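Okay, structure first, notes after.
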Amino acid sequence: MDLPLFYFLLLGFAILMYVLLDGFDLGIGILYPWFRDEADKDQLMRSISHVWDGNETWLVFGGVILFGAFPAAYAGLTSALYAPIMLMLIGLIFRGVAFEYRFKSTTSKRWWNRAFAIGSTVAAFCQGLMLGVLIGGTPLVSASPLDLLTPFTVFTGFALLAGYALLACTYLVMKCRDERQQRAARYGRRLVWVLMVAMLVVSIATALGSDDIWQRWFGGWHFLWLWPLPLLSVLAARLLYRDLGRVQRHLKAGAIPHSRHEDRPFWLAASLFALGFAGLLVSLFPAIVPGQLSYLQAAAPQASLQFMLPGVLIFVPLILAYTCWGYRIFAGKVEDFSEGY
């Protein structure tokens with residue numbers, strides 16, 4: 001078994017799972033200011049109260065894999081990205097505390113609402129900023145916090161905010177009813193356009209910024225076997241926009257939307273992220289720190305990779321199992337009379 005490649009793909013899987021699961025979770029916080037009624041905020045909080053902490057397991061797991069399997073990449077990335085990583089963690093702490101205190105508070109509830117929204121937005125923006133640093137060619141060796149702020153990285157930061165908000169909208173379409181569901185569908189349709197424009201801009205900028213990436217996509221006959229990625233992305237966005245529109249029309253007519261029109265938008269939005277991630281992997285492989293280190297150069301000694309393997313083979317299925325079980329147990333709509341957050 002090629003252990004470095006195995007851990008590289010496992011790291012990618014952990015990142016994708018985190019983005020999909022904690023993405024809609026953070027997106028709820030990003031959307032929070034757009035739902036002004038306290039009853040709406042209560043229901044948004046209840047919709048993720050049973051999964052938000054479990055979703056962040058994948059962030060911890062990805063960090064462990066990066067630290068154990070690719071220590072050279074871990075050292076370089078954490079040193080260069082120290083400022084956005086710390087801001088992201090502070091944002092996650094704020095939103096975590098807000099979950100607990102908002103439920104018990106009376107006079108200070110508005111402050112915990114703000115802490116939840118700001119913490120979610122800051123954490124998501126920092127993740128987008130770090131993504132922009134990695135794919136935008138910002139030198140990491142001598143990068144200061146201000147060096148990380150470029151037009152491209154700021155753009156990717158806001159693009160990820162829009163993407164997470166779209167995931168949240170599709171999740172709320174699946175979990176809510178009536179006016180909240182209709183509002184989520186309306187916001188989601190607008191965000192589909194924003195996300196597709198952002199994906200197009202990032203894709204073009206990435207290809208134009210590197211001759212190697214340009215040749216990988218357009219050199220020779222490469223595009224013939226890579227064309228399904230952009231084509232499937234456009235198709236998923238088209239279906240997503242259509243299904244959200246159907247939900248809106250049914251609700252305006254006073255009818256109950258078909259269950260597949262409520263559920264499918266979330267999976268279509270998730271597929272957009274998965275296709276974008278696949279395109280990013282195609283562009284950057286085999287680099288784990290673009291322009292500096294490949295996954296083979298950053299890999300730990302073979303003995304260390306073998307030592308980690310039994311734990312990985314045991315705990316990855318367990319994490320997947322309890323994640324699926326948690327979502328299965330709490331499937332269905334969130335009602336106003338639900339207990340908890």
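Residue numbers run from 1 in the order of the sequence given. Computed from a predicted structure; not experimentally measured.
Among residues two or more places apart in sequence or in another chain, the ring-ring contact (aromatic ring centres under 6.0 Å, His included) test is passed with Tyr164 by none. With sequence neighbours excluded, no residue forms a ring-ring contact (aromatic ring centres under 6.0 Å, His included) with Phe35.
Using a 4.5 Å heavy-atom cutoff, the side chains of Leu293 and Phe70 are not in contact. Considering only heavy atoms from C-beta on, Val64 stays 4.5 Å or farther from Tyr74 through its side chain. Two residues are said to be in side-chain contact when any heavy atoms from C-beta on lie closer than 4.5 Å; Leu167 and Asp25 fail this criterion. At a threshold of 4.5 Å between non-hydrogen side-chain atoms, the residues Ile85 and Cys126 do not count as touching.
Atom CG of residue Leu284 and atom CD1 of residue Ile213 lie 5.0 Å apart, to the nearest 0.5 angstrom. With rounding to the nearest 0.5 angstrom, the CD1 atom of Ile288 is 10.0 Å from the CG atom of Leu296. Separation of atoms CG (Leu16) and CZ (Phe273) is listed at 10.0 Å; rounding is to 0.5 Å. Here the straight-line distance linking atom CG of Leu172 with atom CD of Gln181 works out to 9.5 Å at 0.5 Å rounding.
A distance-only check finds a donor-acceptor pair linking the side chain of Tyr7 to the backbone of Leu309 [under 3.5 Å]. Not a single donor-acceptor pair under 3.5 Å links the side chain of Arg264 to the backbone N or O of Asp243. Under the 3.5 Å distance criterion, the side-chain polar atoms of Gln248 are left unmatched by any main-chain donor or acceptor of Gln182. In this structure, Thr153 contributes its side chain and Leu129 its backbone to no donor-acceptor pair below 3.5 Å. In this structure a side-chain-to-backbone donor-acceptor pair under 3.5 Å is present from Arg189 to Tyr241. A donor-acceptor pair is defined here as one N or O able to donate and one able to accept, closer than 3.5 Å; no such pair exists between the side chain of Ser79 and the backbone of Gly76. Put simply, the side chain of Thr121 never gets that close to the backbone of Ile118: no donor and acceptor are under 3.5 Å apart.
Shown here is Tyr82, whose OH atom has no more than 12 heavy atoms of other residues, nucleotides or ligands within 6.0 Å. Within 6.0 Å of the CZ atom in Arg114, the count of heavy atoms belonging to other residues, nucleotides or ligands exceeds 12. The local environment of CG in Asp37 is crowded, with over 12 non-hydrogen atoms from other residues, nucleotides or ligands closer than 6.0 Å.
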Please tabulate, for side-chain N and O atoms in residues 191-203, each donor-acceptor pair with protein atoms closer than 3.5 Å (sequence neighbours left out).
from   : atom 1 : to     : atom 2 : distance (Å)
Ser203 : OG     : Met199 : O      : 2.7

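For the 3.5 Å distance criterion, the side chains of Gln127 and Tyr18 qualify, holding a donor opposite an acceptor.
Cluster partners of Phe94, using a side-chain heavy-atom cutoff of under 4.5 Å among ILVMFWY residues and allowing indirect links, are Ile90.
Closest of all the heavy-atom pairs between Cys169 and Leu31 is SG-CD1, 3.7 Å. Of all non-hydrogen atoms in Pro71 and Ala299, the two that sit nearest each other are CD-C, 4.3 Å. Pro265 approaches Leu240 most closely through the heavy-atom pair O-CD1, 3.4 Å.
Among residue pairs with one or both ends in residues 107-127, those qualifying as ring-ring contact (aromatic ring centres under 6.0 Å, His included) are Tyr32-Phe116, Phe99-Phe116, Tyr101-Trp112, Phe125-Phe158; sequence neighbours excluded. Under the ring-ring contact (aromatic ring centres under 6.0 Å, His included) criterion, the residue pairs touching residues 294-313 are Phe8-Tyr295, Phe285-Tyr295, with sequence neighbours excluded.
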What's the verdict on salt bridge (charged side-chain N to carboxylate O under 4.0 Å, His left out) for Arg186 and Glu179, showing C-alpha distance, side-chain angles and the deciding distance? CA-CA 10 Å; Arg186 184 170 69 252; Glu179 196 274 335; 5.2 Å; no
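The only member of Arg36, Lys41, Glu38 that meets side chain to side chain donor-acceptor pair (under 3.5 Å) when paired with Asn113 is Glu38.
Residues Phe61 and Leu313 fall within the same hydrophobic cluster, defined by Ile, Leu, Val, Met, Phe, Trp and Tyr side chains chained together at heavy-atom separations under 4.5 Å.
Taking the six-membered ring where tryptophan is involved, the planes of Phe218 and Trp214 are tilted, since the angle between them lies from 30° to 60°.
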